[in-house]
Amino acid sequence: MTMRDNADVDGSAAGIVARLERLPVSRPLLWARVVVGSATFFDGYTTLAIAYAMPVLSKLWQLSPSQVGLVISSGYLGQLIGALCFGWLAERIGRLRTLTITVSIFAVMSVACIFSWNAASLIAFRFVQGIGTGGEVPVASAYVNEFVGARSRGRFFLLYELLFLVGLVFAGLIGYELVPRYGWQMMFWIGVLPVMLTVPLRFFLPESPRWLLTHGRIPEAEAVVRRLEDDVTRRGVSLPLPVIARETRPSFERGAWRDLFSGIYRKRTLTLWALWFCSYLINNGLATWLPTLYRTVFGMSLRDSLLYGLIMTSVAVVVSFVCAISIDKVGRRPWYIGAFALAVVPLGVLWYIGASTAMQVLVFATCAYAIIQTVTYSLYLYSAELYPTRMRAIGAGIGSAWLRAGSMAGPAVIGFVMAHSGIHMVFASFGVVAVSGAVVCALFATETKGRVLEELSP
């Protein structure tokens, strides 16, 4: 089929959405996934870098447990603020311009962290760095989701989002290989590299056509879609007729925070917040706490404690890849219910046997972490599907603010429970949180697989 079948399908807002939905994955879209995915990769790296620096810094600066908790939590507090602010900004000035700002912030602040001289300075620098990392991922998720059709959206997006998890593993590799040799600063030197991504973000990638449509910039949106179509047809691929459904006509309304609590979106918003909070309280609690636990409680060497952390994140990447290629068939809601429920088993085992050896913790905590990781890393996909374009970045941003709240709560829960009940009760507490996540999802979650974004969220 040519691109000039009828005037409405070719150039109207609804026609542009229909043309976008019928497109296969093209080379420009793969290029966009690589560039934006690289930023997300370094976001993941930056998020976990502190976990591999802390075993050294806690001894070097003679930090108390409360100071260690403040250093870790400061980054998450900044991420919370960044998620709230940059989601709103992305709806106003565009996805790409906002991404350029966020990537620049967390890259520049990696340099500042290198020159930290005490806990207070590192807390301040980590806080500002967190503002950038907190803003990048929800905006990037909205951007990538808005290019992909309903049939392959889950797989395409989660293979992109897998780069975040690879960034976590990369942080473990750098921590294991370089921190013992060159010092904790090496973790932050690597974090400077994303500044190079601002050039393709600013000058070579197209803006989201769905965002352009909601701002009435129809000719620009049509040009972006036509570029994607031309790449496909040049390769000899025949495109099916675009189908315009009444439910998929894009809205030109401007989104606001209060819209998250209107109509069908109230239940979606509260459910999403609960899923973010429960999954990240468990996983970021484990990811940031376990390397220090191995070192201080079980008396392991620095290299061995870092190696155990690396093993845990590596297993999680493999399990998450299985999720990426399966979730479009299984569905979001069944996967989340199953993951939360299944994670209760290894957490319960650790509670029952007492978590008395490092090997017990490695085996069972890794199982729980990997299972819940399939939830944490796919919630940006789910967030983008639950909201219309006019408030997609706001919804994902504010939703992921509960990610940051859960991440801050995790270390606090660990410290409180360990002080009063011991290590095994930490895992029991995480098990209770996992049960809560499964119940919330079973009762309130909306299934989104295989449905056009405009149909899901009018």
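For clarity, every value in this text was computed on a predicted model and none was experimentally measured.
- Side chain of Ser436 to backbone of Val432: a donor-acceptor contact under 3.5 angstrom is found.
- In this structure a side-chain-to-backbone donor-acceptor pair under 3.5 Å is present from Glu447 to Arg332.
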I would like to know whether Thr376 and Gln373 meet side chain to side chain donor-acceptor pair (under 3.5 Å); could you show each step before the answer?
-> CA-CA 5 Å; Thr376 60; Gln373 189 72 282; 2.3 Å; yes

Test log, rule side chain to side chain contact (heavy atoms under 4.5 Å, CB included), inputs Thr269 and Tyr387 = CA-CA 9 Å; Thr269 295; Tyr387 298 109; 2.8 Å; yes

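- Residues Leu347 and Trp351 have side chains not in contact (no heavy-atom distance under 4.5 Å, counting atoms from C-beta outward).
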Decide side chain to side chain contact (heavy atoms under 4.5 Å, CB included) for Tyr308 and Thr366; before the verdict, give the C-alpha distance in whole Å, the side-chain angles of both, and the deciding distance to 0.1 Å.
-> CA-CA 9 Å; Tyr308 274 29; Thr366 295; over 6 Å; no

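- A pairwise comparison of heavy atoms in Leu158 and Cys323 identifies CD1-SG, 4.1 Å as the closest pair.
- Side-chain contact between Val71 and Trp61: absent, with no pair of heavy atoms (C-beta onward) separated by less than 4.5 Å.
- Counting heavy atoms of neighbouring residues, nucleotides and ligands inside a 6.0 Å radius, atom CZ of Phe321 does not exceed 12 of them.
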Walk me through it: do Leu228 and Phe147 pass the test side chain to side chain contact (heavy atoms under 4.5 Å, CB included)?
-> CA-CA 10 Å; Leu228 299 177; Phe147 275 93; 4.0 Å; yes

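- Formation of a donor-acceptor pair under 3.5 Å by the Asn284 side chain with backbone atoms of Tyr280 is not found in this model.
- Using a 4.5 Å cut-off on side-chain heavy atoms (C-beta onward), Met109 and Ile131 make no contact.
- Under a 3.5 Å cut-off, the side chain of Thr313 and the backbone N or O of Leu310 do form a donor-acceptor pair.
- With values rounded to the nearest 0.5 angstrom, Arg390 atom CZ is found 14.0 Å from Leu213 atom CG.
- The aromatic rings of Phe427 and Phe430 lie perpendicular to each other, with more than 60° between the two planes, well past the 30° mark.
- You'll find the side chain of Phe277 stays beyond 4.5 Å of the side chain of Val440, heavy atoms only.
- Between Cys441 and Arg333, the closest side-chain pair of non-hydrogen atoms falls below 4.5 Å.
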Under the side chain to side chain donor-acceptor pair (under 3.5 Å) rule, what do Arg392 and Thr389 come out as? Steps first, then yes or no, please.
-> CA-CA 5 Å; Arg392 184 166 293 121; Thr389 302; 2.9 Å; yes

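- At distances below 3.5 Å, at least one donor-acceptor pair connects side-chain atoms of Gln360 with backbone N or O atoms of Ser356.
- A distance of 8.5 Å separates CZ of Arg268 from OG1 of Thr448, quoted to the nearest 0.5 Å.
- Listed by chain and number, the residues in a salt bridge (charged side-chain N to carboxylate O under 4.0 Å, His left out) with Arg295 amount to none (sequence neighbours excluded).
- A distance of 7.5 Å separates OG1 of Thr374 from CD1 of Ile327, quoted to the nearest 0.5 Å.
- Remark: Arg266 engages no residue in a salt bridge (charged side-chain N to carboxylate O under 4.0 Å, His left out) (not counting sequence neighbours).
- Counting non-hydrogen atoms of neighbouring residues, nucleotides and ligands closer than 6.0 angstrom, the CH2 atom of Trp211 exceeds 12 such neighbours.
- Classification of the Tyr294-Phe298 ring pair by plane angle, with boundaries at 30° and 60°, yields tilted.
- The ring of Phe261 has its center closer than 6.0 angstrom to the ring center of Trp273.
- Between Arg155 and Asp328, no side-chain nitrogen of the basic residue sits less than 4.0 Å from a carboxylate oxygen of the acidic one, so the salt-bridge criterion is not met.
- Contact detail for Ala365 and Leu290: the closest heavy-atom pair is CB-CD1, 4.0 Å.
- Contact detail for Gly331 and Lys449: the closest heavy-atom pair is CA-CD, 3.7 Å.
- The NE2 atom of His215 lies 11.0 Å from the CD atom of Glu220; values are rounded to the nearest 0.5 Å.
- The distance from atom OG of Ser279 to atom CZ of Phe340, rounded to the nearest 0.5 Å, is 5.0 Å.
- Contact of the Leu122 side chain with the Cys113 side chain is registered, since non-hydrogen atoms from C-beta on lie closer than 4.5 Å.
- Ser378 contributes a side-chain N or O that, together with a main-chain N or O of Val375, makes up a donor-acceptor pair within less than 3.5 Å.
- Ala384 and Asn145 make their closest contact through CB-ND2, 3.2 Å (heavy atoms, listed as atom of the first residue, atom of the second, distance).
- Under the 4.5 Å side-chain criterion, counting only non-hydrogen atoms from C-beta, Ile93 is in contact with Ile101.
- No donor-acceptor pair under 3.5 Å is formed between the side chain of Trp88 and the backbone N or O of Ile394.
- For the atom pair CG (Leu379) and CH2 (Trp276), the distance works out to 5.0 Å, reported to the nearest 0.5 Å.
- Closest approach of Ser116 and Phe125 over heavy atoms only: OG-CD1, 3.3 Å.
- When all heavy atoms are compared, the tightest approach of Val315 to Ala370 is CG1-CB, 4.1 Å.
- In this structure, the ring of Tyr382 has its center less than 6.0 angstrom from the ring center of Tyr336.
- Side-chain atoms of Tyr369 do not come within 3.5 Å of backbone N or O of Leu286 as any donor-acceptor pair.
- Under the side chain to side chain contact (heavy atoms under 4.5 Å, CB included) test applied with Ile372, the options Val433, Asn283, Val319, Leu342 reduce to a single match, Asn283.
- When side chains are defined from C-beta on, Ile371 does not count as touching Val345, because their heavy atoms never get closer than 4.5 Å.
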Derivation and outcome, side chain to side chain contact (heavy atoms under 4.5 Å, CB included), residues Val139 and Thr102 | CA-CA 9 Å; Val139 177; Thr102 59; 5.7 Å; no

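- Put simply, the side chain of Arg95 never gets that close to the backbone of Tyr143: no donor and acceptor are under 3.5 Å apart.
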